[in-house]
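A short write-up of the structure that comes next.
These numbers were taken from a predicted model, which means no experiment stands behind them.
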Amino acid sequence: PPPPPPPPPLFFFTQKTPSEILSGLVGSEMCIRDRNIHEYQAKDLFRKFNVATSEGKVFENENDAEEYAKSLDVEEYVVKAQIHAGGRGKGGGVKLVKTPEEVREMVKSMLGMTLVTHQTGPEGKLVNKVYVEAASNIKKEYYLSFVTDRATEKNVIIASPEGGVDIEKVAEETPEKLLTQPIDPVVGIQPFHIRKIGYFLGFDKGQVKQLGPLIQGMYNLFVETDCSLVEVNPLIVTDKDEVKALDAKINFDDNAEFR
């Protein structure tokens with residue numbers, strides 16, 4: 001008689017497109033299971049894990065915000081309303097100002113306002129905290145994130161030269177502008193991952209050198225704190241060729257809440 005067939009593999013790995021992976025982030029199951037935090041909290045974690053980002057601080061009154069702005073040796077400041085929703089800029093929740101006095105007035109006007117964006121619904125969300133940071137002179141914007149692809153049971157890096165925009169729209173309309181890089185959980189981030197992503201984004205050698213610790217820091221944060229999403233949109237290169245995270249979004253899997 002013929003020999004018995006070989007046993008099936010333990011895991012079936014399938015190749016998913018960037019749009020399929022990203023669509024899972026907005027599905028109902030993910031929304032129920034995930035817990036997110038404010039931008040200022042995400043950036044505090046970025047600093048803890050050595051992910052380059054702008055200097056900033058959160059405030060609940062305009063006087064402290066003005067004093068902090070005076071301590072920063074910069075020409076411009078960004079004032080950001082802190083709510084759990086995207087689209088803050090279009091809703092009037094992100095403003096660029098030039099003096100500490102303008103920081104004070106902008107913080108005062110934002111605190112207590114109801115911010116309406118495409119993600120809040122018509123009822124909007126109340127602003128109780130405002131984040132003030134040093135403004136950056138942006139030369140180019142990119143997209144970078146870590147997510148978990150449950151189909152392949154691997155963490156995945158998603159990168160794009162199109163940053164500061166709706167990444168789901170990029171995935172749908174121009175999928176060739178998205179790179180997905182699975183990460184083997186046994187070996188983690190490897191130098192070839194950094195080179196591949198840097199080449200795809202069009203970075204030069206100096207920028208790739210900065211990209212390495214930033215990606216490693218994001219990965220360490222993703223794994224060590226039980227994240228389901230660590231997203232930088234946009235990742236920027238400044239006029240001084242500095243590579244850093246301009247915005248930050250972190251979601252945690254609530255299955256790890258007991259930790």
Side-chain angles (χ1 to χ4, degrees), residues 6-37 41-53 142-161 163 167-168 170-171 175 177-201 203 208-233 235 243-245 247-259:
L10 293 177
F11 300 103
F12 294 91
F13 293 112
T14 59
Q15 182 61 47
K16 298 179 73 176
T17 65
S19 58
E20 288 172 332
I21 296 173
L22 286 165
S23 66
L25 299 178
V26 296
S28 59
E29 179 184 358
M30 291 294 290
C31 291
I32 293 171
R33 296 186 60 179
D34 287 354
R35 297 290 181 267
N36 59 2
I37 58 177
Q41 295 168 314
K43 286 189 172 178
D44 284 345
L45 283 171
F46 273 14
R47 296 183 188 99
K48 180 180 178 180
F49 283 86
N50 299 313
V51 177
T53 190
Y142 307 84
Y143 176 89
L144 188 66
S145 70
F146 279 86
V147 299
T148 297
D149 181 5
R150 300 184 188 279
T152 63
E153 300 183 351
K154 287 186 178 181
N155 298 325
V156 177
I157 303 174
I158 299 178
S160 175
I167 198 63
E168 287 83 6
V170 175
K177 293 183 179 180
L178 280 174
L179 170 70
T180 58
Q181 176 61 58
I183 304 299
D184 189 319
V186 176
V187 298
I189 299 293
Q190 296 296 301
F192 79 88
H193 294 139
I194 310 299
R195 293 193 298 269
K196 182 178 179 180
I197 294 168
Y199 177 78
F200 182 77
L201 296 178
F203 281 9
V208 171
K209 188 175 181 180
Q210 296 178 66
L211 185 65
L214 186 145
I215 287 180
Q216 185 65 62
M218 288 178 65
Y219 179 74
N220 292 343
L221 168 60
F222 187 87
V223 173
E224 294 178 23
T225 62
D226 300 301
C227 296
S228 58
L229 170 70
V230 174
E231 181 183 68
V232 176
N233 188 21
L235 174 77
V243 179
K244 62 181 179 179
D247 202 357
K249 181 178 180 180
I250 297 176
N251 290 354
F252 301 98
D253 190 331
D254 70 358
N255 286 325
E257 234 175 352
F258 69 95
R259 297 182 194 271

TODO: Using a 4.5 Å cut-off on heavy atoms from C-beta on, say whether the side chain of I157 contacts that of I183.
DONE: yes

Task: Straight-line distance of C227 SG to L45 CG, nearest 0.5 Å - done: 7.5 Å

Open item on the list: Holding to side chain to side chain donor-acceptor pair (under 3.5 Å), I want the full list of residues that pass it with K209, two or more places apart in sequence or in another chain.
Closed with: none

Open item on the list: Checking T148 against N155 for the side chain to side chain donor-acceptor pair (under 3.5 Å) test, could you report, in this order, the C-alpha distance in whole Å, the side-chain angles of both residues, the deciding distance, and whether it holds?
Closed with: CA-CA 4 Å; T148 297; N155 298 325; 3.1 Å; yes

TODO: Evaluate the side-chain proximity of Y219 to F49: yes if any heavy-atom separation is below 4.5 Å, no if none is.
DONE: no

Task: Evaluation steps, side chain to side chain contact (heavy atoms under 4.5 Å, CB included), between M218 and V51 - done: CA-CA 7 Å; M218 288 178 65; V51 177; 4.0 Å; yes

Open item on the list: Nearest 0.5 Å, please: how far is CG in N50 from CD in Q216?
Closed with: 10.5 Å

- [ ] Identify which one of V170, L201, L178, L179 satisfies the side-chain contact (heavy atoms from CB on, under 4.5 Å) criterion when paired with P161.
- [x] L201

Task: Contact check, side chains of L229 and F146, non-hydrogen atoms, under 4.5 Å - done: no

Open item on the list: Could you report the tightest heavy-atom contact between I167 and S160, atom names first, then the distance?
Closed with: CD1-CB, 4.1 Å

Open item on the list: I'd like to check the salt bridge (charged side-chain N to carboxylate O under 4.0 Å, His left out) partners of K177; sequence neighbours left out, ordered by chain and number.
Closed with: E162

Task: Rounded distance (nearest 0.5 Å) linking atom CG of L211 with atom CD1 of I194 - done: 5.5 Å

Open item on the list: Using every non-hydrogen atom in the two residues, find where T225 and L221 come nearest and quote the distance to one decimal.
Closed with: OG1-O, 2.5 Å

Open item on the list: Within this structure, what is the CG-OG1 distance for the pair L235 and T53, rounded to the nearest 0.5 Å?
Closed with: 10.0 Å

TODO: Run the numbers on F203 and V243 for side chain to side chain contact (heavy atoms under 4.5 Å, CB included), then give the verdict.
DONE: CA-CA 10 Å; F203 281 9; V243 179; 4.2 Å; yes

Open item on the list: Quick one, D247 and V232 - any side-chain contact, counting heavy atoms below 4.5 Å?
Closed with: no

Task: Test item: N220 and I189 side chains (from C-beta on) under 4.5 Å apart, heavy atoms - done: no

TODO: May I ask you to decide if S145's main-chain N or O and E231's side chain share a donor-acceptor pair within less than 3.5 Å?
DONE: no

Task: Minimal non-hydrogen separation, A159 against L144, with atom names - done: CB-CD1, 3.9 Å

Task: Backbone of I158 reached by a side-chain donor or acceptor of T180 within 3.5 Å - done: no

TODO: Look up atom CD1 in I197 and atom CD in Q181, then write down how far apart they are to the nearest 0.5 Å.
DONE: 6.0 Å

Task: Sub-4.5 Å side-chain heavy-atom contact between I250 and F222 - done: no

